[in-house]
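Contents: one structure, followed by commentary.
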Amino acid sequence: MPLPEAKIFRSRADKKVDESHRPLVKSLLEKLGQYMDPASLAEVDLACEYGAQAHEGQTRQSGEAYISHPVAVAGILGEMRMDSRTIVAAILHDVVEDTPVTVEQLAEKFGDDVALLVDGVSKVSQLELDSRENAETSETASFRKMFMAMAQDIRVIIIKLCDRLHNMRTLGSLKEEKRQRIARQTLDIYAPIANRIGMRELCNTLEDLSLQNLRPKRYRAIKKMLANNSRGRKSIIDEACRKINVALHHHNIIAEVGGREKTIYSIYRKAKKQSKIDLRDIADINALRVITDNRNQCYLVLGIVHTIFKPRPASFKDYIAIPKANGYQSLHTSVFGPYGQPVEVQIRSRAMHRVAESGVASHWRYKTDATDESAPQQLAQKWLSSFLESQQMSPDSGEFIEHLKADLYPDEVYVFTPKGDIKRLPRGATALDFAYSVHSDIGNRCIGARIDNRPVPLYENLRNGNHIEIITSNRSRPEPGWLNYAVTSKARTTIRHNLNKQKTKQSVKLGHKLIKKALWDQGYRRLRIPSNHKIALLEALDLKDWPELLADIGFGKRLAPLVAKQFLAEVMLPEKTATTKRKNNKTNYGKMTIEGTEGLLVNYAKCCHPIPDDRIIGTTTSDRGLVIHRLRCPNTRSVMKHPDQFFHLNWSEKIKGNFEVLLTLTSRNQPGVLSELTNIIASHEANINKLTVEEQSGNVSRMSFVIEVQNRDHLADIMRELHLDKSVIKLQRAR
Ligand code: MN
C-alpha cells in the first residue's frame, strides 16, 4: 500500500511524531555541510524525514529506531565526501525493501538517479536473503544476479559496502550464529570487492571486523601482540625514518616518511599462508612508507633508500610501471634496516596514495579527474562491464563464481608475449592459461611452451617477468587432463566446451559400436540397420534422431543390451531372437575390440589397471562412457550378475600406446635399493608415474609403483628382472 503524501508531510507540531532521529540528522547535516551546498543539504534533510516516516515503528535489533541505520550509512559516505545523490540514496536504501514505498514513488520525489541507486541496493539485499533461504546451488545463481545489480552503477557498490560496514560495526546485538554468517559473507564477498575496486581502507576495516567475529580469540591475541611489539619496533622504525629523512634533505627532496601499521587481518592471513605458529615472526616485520610529490621522485627516493640500506634480494616490486588491476601504484622494496632487521618500504606519490587508500571513491573525495584511462573509476567500470559481457557468454553460474573468485583475489603475475605485450594472469596460472589468454585457438592447438627460451611443459607455472612462447600443432586437441592445471576461467570454459564437443562426436561412434555388438549378441545378423527399423525403435523410445540415441548409448545414459532387446522386440519376430541369443553370447565372434584410440569415452579403471592382453570386460556408466576392468576385478562383482550391464571385450591386435599398471613390492632396506629398482624399470623403457615408499620395520620397505607398459609381455619382462634383484622379497601386480 503506497504511503499517502499527507502522512509524509505531517506538521512538526503534531505531538505523535517521533523526533528521536533529529539529533542524528543534525550531526549528519553538519558533517555534510563541510562540502555540500545548502540546496543539497535541504534535500538530504528531506530524505531523512521521508525515510524516518517510512520506517516509523521499525526498530533495529539493538532497539534503536530503524532510521538510525541509514543515517549512519549516509554519515560514512559523507566522510568519503560522496555526492549528494549517493547520500540521499543511502538514507533511503532500505525503504523499498522494508516499507510499502515503491521505486516509482522515489523516482517522482527524488529523481530517477536516486531511485535507480536504491533499486540496485535493494536487489542486492533481496538476493542476500534468497541465497540464505535456498539450497547451495542457487547461492551461486543469486550471487551472480547480485553482482549484476551492483555492476549497473559503481555507487551501488559503494553504498552497499558502507551499509555492510555499519552492519558489521553493530553486529553485537545479533545472535552468535547470525554474526558468524554475516562476517563470513563479508570476508568472502564484500571485502574482496572493496579491495578489487581499490577501497583499501574500507576493506581493511571489513576484514578486521570479520575476523573479530569469526575468530575472536585469535583476533585478540594478535591485537595484544601488536601492542606489545610496537614499542620494540618503534626504535627501529624511528631510526630508519631518521636516516632516510637526513638523506632526502641532502638531496633536496621533500617527502613524508613514517611508520606504517599492519592490520590484524593481514597478519592473520600471512600467518595462515605460511602456516607459522609463532605470530611474532610475522608481526615483527617493520614497515614504513615514503610519500613524495610526484612519480619521478619515487624512483629517486628508491635509489636513496637502497644506498642507505642494503636491499634484500628479489624483494623489489614496481607497481608504478605496472599498476595493480584496481589502479594501485607504489614501489615496494624490502631492505636490511638499522640493526640488520628487515624493513619493508613503500614509496608512492601523494596522488598514488589517495588511490591506494580510497580507490574508486578517491574521485569523490579528492575531486580527481575520472576520465583518465588509468583512473580507478575507469578501471572498475571496465572490470564490471567485462562481467556483464561474460555473463552473456557463459550461462553457468558456477563458472561465473569461479571467474569472479579468481578475479577478486589480488595475486597476479605479469608475463610477456613474444611481441613484448604484457599479460596479466592470476597467480598459479600455467603456460596453458597463457596460451588461452592469447587466443582460444592457440590454446586449443598448443602442445608445449618455451619460457625465457627454455622448453617447458604446459603445466609449468608462470612467474613475474617470464617471456612466453607457445608451440602449437594442428593435430593437437584439448585433453581432459588439462583441466587439472588450467586455472583461468577463459581456459577452463574453452577446454570444457571443446571436450564436450569431442565427447559428443566420440560418443556417437562408440554408441554405434556398442549397439551393433549388442544386436549381434542377441541374434540380429544384419550389417546395416535399415532405416525403417531405426524409425520404429526411435518411435518406441520417443527420440528424435538416430545419432542422439547413439550418443546416449556412448555416454552410458542408456545400456546397449537393453536398447537392443527393445529394438528386437519392436522390429523382429520374438521367437527368432530367443533361440539365437544364448548360443551367440558364448562365442567371441562379434566381440567389440578396444584399439586404445577411442578417446575420452573409453576409460581404463584405476582399481585394476587393465593392460593389453589382459582379459577384460566393459561396463557403462553415465557420463564417463565405457569403463574397462580386468575380468576378475573385485569392483565388477555386482555388475557381473547382470548380463545386461557389461560386455566382454577384446584388445585389438594393432593396439599401441602406454597403459598404467600398479606394482607393489616389498624389499630389504639397503643403500641405493630404490635407485636400483627404478633403473631396472627405466631400462625397459617404462615410465614411472607414481611412487610411494613406506618403511615397515627397520629393514623392510613396502613400495608401490604406477608404471606405464605396452602390454602383458612388456610387464612380464620388467617383473622378471625385478624379481632377480637380491633386495626384492615380494613383488606382485596389484588388483
Ligand atoms: Mn541497510
Side-chain angles (χ1 to χ4, degrees), residues 20-21 24-25 28 31-32 44 47-80 82 85-103 105-106 110 114-133 142-143 145-147 149-150 152-175 178-179 181-191 193-194 199 202-203 205-206 209-210 213 361:
S20 63
H21 60 281
L24 296 173
V25 174
L28 173 68
K31 197 188 285 178
L32 299 178
V44 171
C48 287
E49 286 314 304
Y50 191 93
Q53 293 281 346
H55 287 296
E56 190 164 19
Q58 298 173 354
T59 52
R60 300 198 86 208
Q61 210 77 10
S62 61
E64 289 166 280
Y66 194 87
I67 189 69
S68 65
H69 162 67
V71 169
V73 175
I76 300 171
L77 288 158
E79 281 160 29
M80 301 177 173
M82 293 297 294
R85 310 271 76 202
T86 311
I87 302 280
V88 168
I91 292 162
L92 302 167
H93 81 264
D94 280 330
V95 159
V96 171
E97 171 93 0
D98 297 341
T99 80
V101 174
T102 63
V103 175
Q105 285 171 318
L106 287 185
F110 296 98
V114 167
L116 272 175
L117 290 175
V118 173
D119 188 39
V121 177
S122 304
K123 274 187 189 138
V124 176
S125 313
Q126 185 53 49
L127 290 160
E128 270 172 7
L129 285 174
D130 281 359
S131 69
R132 195 188 324 160
E133 280 155 11
S142 46
F143 181 41
K145 283 191 219 140
M146 184 165 123
F147 197 80
M150 293 196 282
Q152 304 300 328
D153 188 325
I154 197 97
R155 292 178 298 175
V156 171
I157 303 185
I158 299 177
I159 296 173
K160 189 63 214 171
L161 288 173
C162 293
D163 174 37
R164 182 46 68 115
L165 175 61
H166 185 248
N167 285 334
M168 286 299 294
R169 281 180 179 158
T170 50
L171 276 186
S173 40
L174 299 183
K175 283 208 192 87
K178 201 171 174 192
R179 277 207 322 249
R181 185 173 48 70
I182 294 175
R184 172 53 50 206
Q185 193 186 40
T186 303
L187 206 52
D188 286 348
I189 300 174
Y190 292 105
I193 289 177
M199 299 179 72
L202 185 65
C203 173
T205 318
L206 288 176
L209 286 168
S210 301
N213 281 282

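In listed order, ligands and their atoms are each counted from 1.
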Checklist outcome for this item: Atom name of the N, O or S atom of Asp163 nearest to the Mn ion (ligand 1) is OD1
Checklist outcome for this item: In terms of heavy-atom contacts, Tyr190 and Leu161 come closest through O-CD2, 3.5 Å
Checklist entry - Tell me, which N, O or S atom in Asp94 is closest to the Mn ion (ligand 1)? => result OD2
Next on the checklist: Let me confirm one number: the CE-CG distance from Met199 to Leu206, rounded to the nearest 0.5 Å.
Outcome noted: 9.5 Å
Checklist entry - For His69 and Asp163, what are the C-alpha separation, side-chain angles and deciding distance, and is it a side-chain contact (heavy atoms from CB on, under 4.5 Å)? => result CA-CA 8 Å; His69 162 67; Asp163 174 37; 2.8 Å; yes
Item to check | Separation of Ser62 OG from Leu174 CG (nearest 0.5 Å) | outcome: 9.0 Å
Checklist entry - To the nearest 10 degrees, how large is the angle at the Mn ion (ligand 1) between His69 NE2 and His93 NE2? => result 90°
